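Below is one structure; the comments refer to it alone.
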Amino acid sequence: MKVAVTGANGLLGGAAVLLLAGRHEVIGLGRGPCRLPAGSYSWADVDLGDGRSVEGALRDFRAEAVLHAGAMTDVDFCEREPETAWRVNVGGTAEVARTCRALQARLVAVSTDYVFDGAAGPYGEDDVPNPRGVYARSKRCGEDAAMLLAPGCAVARTAVVYSGRAGAKSTFATQIVEKLGRGEPVKAFRDQIVSPTLAENGAAMVLELLLETDYQGVLHTAGASALDRVEFARRVAARFGLSGEIVPVRTADVKLLAPRPLRAGLRVDRAAALLREKPIAIGAALERFYQQWMAREAE
Ligand SMILES: NC(=O)c1ccc[n+]([C@@H]2O[C@H](COP(=O)([O-])OP(=O)(O)OC[C@H]3O[C@@H](n4cnc5c(N)ncnc54)[C@H](OP(=O)(O)O)[C@@H]3O)[C@@H](O)[C@H]2O)c1
């Protein structure tokens, strides 16, 4: 099958391209040149903020299935630049969806637990979103754009994505390993409940959703454990045998531009029942993260 992946230089999109390579005809659509390891996939440089660029790449490839994982994910940048957030997260998703409908391609659009306000998570698919801040609101509008313009598509919400793969972007999880490894303390929000998601597990779930189901509507595809960020940091440190200082902080005590949902996280029982690739619990996810890290250090 001809499968296109947007956000292909990203954590989730990159993992998806690498999983698909050699099994399907794959194109990665990314901003600028490819930063993934070489493999059997093609590449197109697209700007999600420019409708013609996305439409052209999907049409030229004659995509049959599209994983839309590209987004402006820097929440504080989005807060400063609402025009860009809107253009990329809403306009880009609308254009991907429109093109999928024209090509009769199946679409899975990736979204976030930030669509919830964080008053009472972890959240299930039937809970009512209440996004706060520009990123969150743009992603929520993107969900509607996808479902309105590509009826039959699925929206896969994920949360706090991380990967230990060589070349993968720096995240809270990788910073814990690096900082503690250098003997520096790590600050962690003690009042933010999250569902950390290993990118490779998340990517496998959304690809199965895309290619092996006709599921329509919202599905939560995150890691199986909801925990606060201090506990997450402790679990990472424990797996890596690192004993440095983890400093608990309150979100309200740190100056942040964009609001953060506090009791967030996603309930994933529906994905666990639907998919062969199960949302994995924190212990198993960190084991894989550790193995990825060791492989990267050995390179
Ligand atoms: N990361 C998280 O913790 C998290 C949590 C919840 C939901 N999500 C959602 O999960 C999906 C995948 O995100 P991710 O975790 O893989 O984050 P990511 O690593 O930031 O990936 C997003 C990708 O989108 C690309 N992008 C941004 N603006 C673009 C533009 N104008 N044109 C083309 N590409 C553009 C970025 O390119 P560059 O690499 O050049 O920056 C990046 O590769 C997104 O829908 C995101 O909202 C992520």
Side-chain angles (χ1 to χ4, degrees), residues 4-18 28-36 43-55 57-58 66-78 81 83-93 95-96 107-116 118 121 123 131 133-143 145-146 154-163 165 167-175 192 194-203 205-207 218 220-223 229 232 258 260-261 264-266:
V5 178
T6 72
N9 270 325
L11 286 163
L12 204 75
V17 169
L18 297 175
L29 309 185
R31 180 164 56 173
C34 177
R35 302 197 300 268
L36 296 176
W43 189 264
D45 176 354
V46 301
D47 178 4
L48 284 168
D50 169 4
R52 278 170 310 180
S53 134
V54 188
E55 184 194 358
L58 291 174
V66 177
L67 175 65
H68 176 43
M72 178 48 64
T73 57
D74 180 335
V75 298
D76 294 319
F77 177 88
C78 288
E81 301 280 344
E83 286 285 355
T84 310
W86 182 267
R87 213 170 49 245
V88 174
N89 293 350
V90 188
T93 304
E95 202 51 46
V96 169
L107 168 65
V108 169
V110 182
S111 189
T112 171
D113 63 337
Y114 268 54
V115 299
F116 297 109
Y123 293 96
V134 172
Y135 168 75
R137 291 165 71 189
S138 70
K139 290 297 292 181
R140 175 70 188 122
C141 289
E143 292 184 347
V155 166
R157 292 190 187 128
T158 187
V160 185
V161 183
Y162 65 104
S163 173
R165 172 179 67 74
K169 150 177 153 179
S170 167
T171 58
F172 179 52
T174 58
Q175 286 162 18
Q192 287 185 21
V194 293
S195 295
T197 307
L198 187 74
E200 287 67 23
N201 177 227
M205 286 192 276
V206 293
L207 287 178
V218 174
H220 289 178
T221 52
R229 283 181 181 267
F232 182 44
R260 267 58 170 183
L266 298 171

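Model, not experiment: these values are computed from the prediction. Start at 1 and go down the list; that is how both ligands and their atoms are numbered. For the numbers below, each heavy atom of this structure counts, side chains included, while hydrogens, waters and symmetry mates do not.
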Item checked: H68, portion touching ligand 1 at heavy-atom distance under 4.0 Å -> neither
Check: atom 42 (C) of ligand 1: which of G10, S138, G70 has the nearest heavy atom?
Finding: G10
Checklist line | Per atom 1 (N) of ligand 1, closest listed option by heavy atom (V75, V161, T221) | finding: V161
Margin query: List ligand 1 atoms under 4.0 Å from V160, heavy atoms only on the residue side.
Written below: 3 (O), 5 (C)
Margin query: Minimum heavy-atom separation for V66 and V96, please, with both atom names.
Written below: CG1-CG1, 3.9 Å
Next item on the list: Before signing off on this row, confirm whether G30 and ligand 1 have an N or O atom pair separated by under 3.5 Å.
Entry: no
Checklist line | Protein heavy-atom partner closest to atom 26 (N) of ligand 1 - residue, atom, separation in Å | finding: A71 O, 3.7 Å
Notebook entry, point to check: When you measure from the side chain of D113 to the backbone N and O of L266, does any donor-acceptor pair fall under 3.5 Å?
Noted result: no
Check: To the nearest 0.1 Å, how far is atom 18 (P) of ligand 1 from its closest protein heavy atom, and which atom is that?
Finding: K169 NZ, 3.5 Å
Margin query: So that I can tick it off, tell me whether R140 and E143 are bridged by a salt bridge, with the cut-off set at under 4.0 angstrom between side-chain N and carboxylate O.
Written below: yes
Margin query: With a 4.0 Å cut-off on N to O distance, would you call R260 and D76 a salt bridge?
Written below: yes
Checklist line | Neighbour count above 12 (heavy atom, 6.0 Å) for R137 CZ | finding: no
Margin query: Between V110 and T221, is there a side-chain heavy-atom distance shorter than 4.5 Å?
Written below: no
Note to self: Quick test: of every protein heavy atom, which one is nearest to atom 12 (C) of ligand 1, and how far off is it to 0.1 Å?
What the structure shows: A69 O, 3.1 Å
Next item on the list: With sequence neighbours left out, write down each residue that passes side-chain contact (heavy atoms from CB on, under 4.5 Å) with W86, or none if nothing qualifies.
Entry: V90, C141
Notebook entry, point to check: So which heavy atom in the protein is nearest atom 40 (O) of ligand 1, and how far is it from that ligand atom?
Noted result: R31 NE, 3.2 Å
Next item on the list: Measure the distance from atom 16 (O) of ligand 1 to every protein heavy atom, then report the residue, atom name and distance (to 0.1 Å) of the closest one.
Entry: L12 N, 2.8 Å
Margin query: Give me the nearest non-hydrogen protein atom to atom 47 (O) of ligand 1 as residue plus atom name, then the distance to 0.1 Å.
Written below: Y135 OH, 2.7 Å
Next item on the list: Answer yes or no: does an N/O atom from D113 fall short of 3.5 Å to an N/O atom of ligand 1?
Entry: no
Next item on the list: Considering the heavy atoms of V46, write down every atom of ligand 1 situated less than 4.0 Å from one of them.
Entry: 32 (N), 33 (C)
Checklist line | Side chain to side chain, R229 and V194, heavy atoms closer than 4.5 Å | finding: yes
Next item on the list: Mind checking whether A199 contacts ligand 1 via backbone (N, CA, C, O), side chain (CB onward), both or neither, at a 4.0 Å heavy-atom cut-off?
Entry: neither
Notebook entry, point to check: Under 4.0 Å from any heavy atom of D47, which atoms of ligand 1 are there?
Noted result: 30 (C), 31 (N), 32 (N)
Check: Relative to the ring of F116, is the ring of H220 parallel (under 30°), tilted (30 to 60°) or perpendicular (over 60°)?
Finding: perpendicular
Check: Any donor and acceptor pair, going by atom type alone, linking the side chain of S111 with main-chain N or O of V155 inside 3.5 Å?
Finding: no
Next item on the list: Give yes if a backbone or side-chain nitrogen or oxygen of T112 is under 3.5 Å from a nitrogen or oxygen of ligand 1, and no if not.
Entry: no
Next item on the list: Please work out whether any backbone atom (N, CA, C, O) or any side-chain heavy atom from C-beta onward of T73 is under 4.0 Å from ligand 1, and answer side chain, backbone, both or neither.
Entry: side chain
Margin query: Using side chain to side chain contact (heavy atoms under 4.5 Å, CB included), reason through C78 and N89 one step at a time and then give a plain yes or no.
Written below: CA-CA 10 Å; C78 288; N89 293 350; 4.3 Å; yes
Notebook entry, point to check: Donor-acceptor pair, T174 side chain versus S170 backbone, under 3.5 Å?
Noted result: no
Margin query: Can you confirm whether Y162 sits close enough to T197 that some side-chain heavy atom of one is under 4.5 Å from a side-chain heavy atom of the other?
Written below: no
Check: So which bit of T158 gets within less than 4.0 Å of ligand 1, heavy atoms only: side chain, backbone, both or neither?
Finding: both
Notebook entry, point to check: Looking only at non-hydrogen atoms, which of V155, T6, L11, T197 approaches atom 19 (O) of ligand 1 most closely?
Noted result: L11
Notebook entry, point to check: Considering only heavy atoms, which of G142, S111, A85, G49 lies nearest to atom 7 (C) of ligand 1?
Noted result: S111
Checklist line | Residue, atom name and distance, where the atom is the protein heavy atom closest to atom 45 (O) of ligand 1 | finding: K139 NZ, 2.7 Å
Check: What do we get for F77 next to ligand 1 when only non-hydrogen atoms under 4.0 Å count, side chain, backbone, both or neither?
Finding: neither
Margin query: Holding to ring-ring contact (aromatic ring centres under 6.0 Å, His included), I want the full list of residues that pass it with Y135, two or more places apart in sequence or in another chain.
Written below: Y114
Checklist line | atom 30 (C) of ligand 1 - nearest protein heavy atom and its distance | finding: L48 N, 3.5 Å
Margin query: With a heavy-atom distance limit of 4.0 Å, tell me whether A159 approaches ligand 1 through its side chain, its backbone, both, or neither.
Written below: backbone
Item checked: Validation row: M72, L48 side chains within 4.5 angstrom (heavy atoms) -> no
Next item on the list: May I ask you to check if ligand 1 and V110 share an N or O to N or O distance below 3.5 Å?
Entry: yes
Item checked: Distance-only N or O hit between ligand 1 and A8, under 3.5 Å -> no
Check: Would you say G32 contacts ligand 1, with heavy atoms under 4.0 Å as the rule?
Finding: no
Checklist line | Mode of R35 contact toward ligand 1 - side chain, backbone, both, neither (heavy atoms, under 4.0 Å) | finding: side chain
Item checked: Any donor-acceptor N/O pair, T93 side chain to A145 backbone, under 3.5 Å -> no
